Amino acid sequence: MLTTAKIEEIRARIKTWKNKGESVAFVPTMGNLHAGHISLITEGKRRADHVVASIFVNPMQFGPNEDLAGYPRTLEADQQKLVEAGCELLFLPTPEIIYPRGLAAQTFVEVPGISEQLCGATRPGHFRGAATIVCKLFNIVQPDIALFGRKDYQQLQIIRTMVEDLSLPVEVMGVDTVRESSGLALSSRNGYLTAEERAKAPALKRTLDDLAEAIKAGNAVDSAINSAKAALQAAGLTPDYIELRQAQTLAPATDKDKELVLLAAAYLGKARLIDNLVFNR
Ligand code: PAF
């Protein structure tokens with residue numbers, strides 16, 4: 001696997017593949033790779049001739065009081081996992097390469113509406129940062145297909161919207177969340193949990209499962225959501241939000257919508273956990 005910080009080297013390697021008519025899958029990450037990331041690489045390998053990954057802890061998507069400095073950085077282990085999964089090219093840029101004129105002077109991409117709600121309400125600017133870096137990485141790598149985890153459901157829908165709005169020539173694919181046997185969705189931020197908190201964390205997924213059942217059974221949505229928040233609190237988590245939305249647009253769900261998604265975020269110790277559940281009514 002070639003690892004490089006240089007945009008020209010990435011482009012040169014990809015050009016040799018494209019000249020031979022070979023396809024490229026791309027998996028952007030912030031590193032600290034777990035089985036969820038590796039499933040993206042594996043799926044990319046199934047769908048394209050070559051898989052390219054990036055590792056970049058993107059300062060633009062962290063708020064001033066968030067965990068940029070403490071975000072786990074595990075480069076050697078990450079490289080090992082990427083090689084084992086069959087990744088052939090790793091883009092590992094520095095902030096200076098990505099934002100040479102500094103963050104304040106950087107052109108940005110904003111997907112309005114969908115970016116300001118749910119996680120965007122608690123993390124202002126987060127999705128602007130994520131959309132901007134993904135757009136920039138797409139322009140550097142120019143992949144045929146890009147893979148993202150469904151765990152970050154709002155991010156996935158924002159990227160799909162950006163790609164459509166800007167007519168970017170890339171197919172965006174969501175890949176199912178990988179979970180521990182407890183149901184807890186794998187996330188780099190699970191590393192912030194103490195053993196005691198880890199035992200409480202699966203309540204997030206359990207609560208979403210129970211809530212979906214209650215809604216499918218015809219219970220009133222508002223009161224079912226209130227009960228779910230109470231259940232989370234009783235389990236030791238502090239809910240940020242639990243919302244029922246239309247699965248594609250993330251608009252508030254109406255009685256007519258059939259394809260739905262429950263999205264939730266909750267605080268537990270130093271971590272802010274998110275999860276979601278897509279279902280049909
Ligand atoms: O999901 C992530 O890890 C990040 O938001 C992404 C897509 C790599 C952009 O920095």
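Read the numbers this way: they start at 1 and go in the same order the structure lists the ligands and their atoms. Predicted model, so just to flag it, every value in this text is computed and none were measured.
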Neighbour count >12 (heavy atoms, 6.0 Å) for atom CG, D222:
no
Salt bridge check, D240 against R272: does any charged N sit closer than 4.0 Å to a carboxylate O?
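Yes, charged N to carboxylate O under 4.0 Å.
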Electrostatic pair K6-E8, nearest N-O below 4.0 angstrom:
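No salt bridge links K6 with E8.
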Do D67 and Y192 pair up side chain to side chain, a donor and an acceptor below 3.5 Å, judged on atom types alone?
yes
With no hydrogens and no angle check, just 3.5 Å: does a side-chain donor-acceptor pair link T161 and D165?
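There is no such pair between these side chains.
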Measure from every N or O atom of ligand 1 to the protein's N or O atoms and keep only the pairs below 3.5 Å, writing each with atom names and distance to 0.1 Å.
unit_1, atom_1, unit_2, atom_2, d
ligand 1, 1 (O), Q155, NE2, 2.9
ligand 1, 5 (O), Q61, NE2, 2.9
ligand 1, 5 (O), Q155, OE1, 2.6
ligand 1, 10 (O), Q61, OE1, 2.6

With the side chain counted from C-beta on, respond yes when T3 and Q79 share a heavy-atom pair under 4.5 Å apart, and no when they do not.
yes
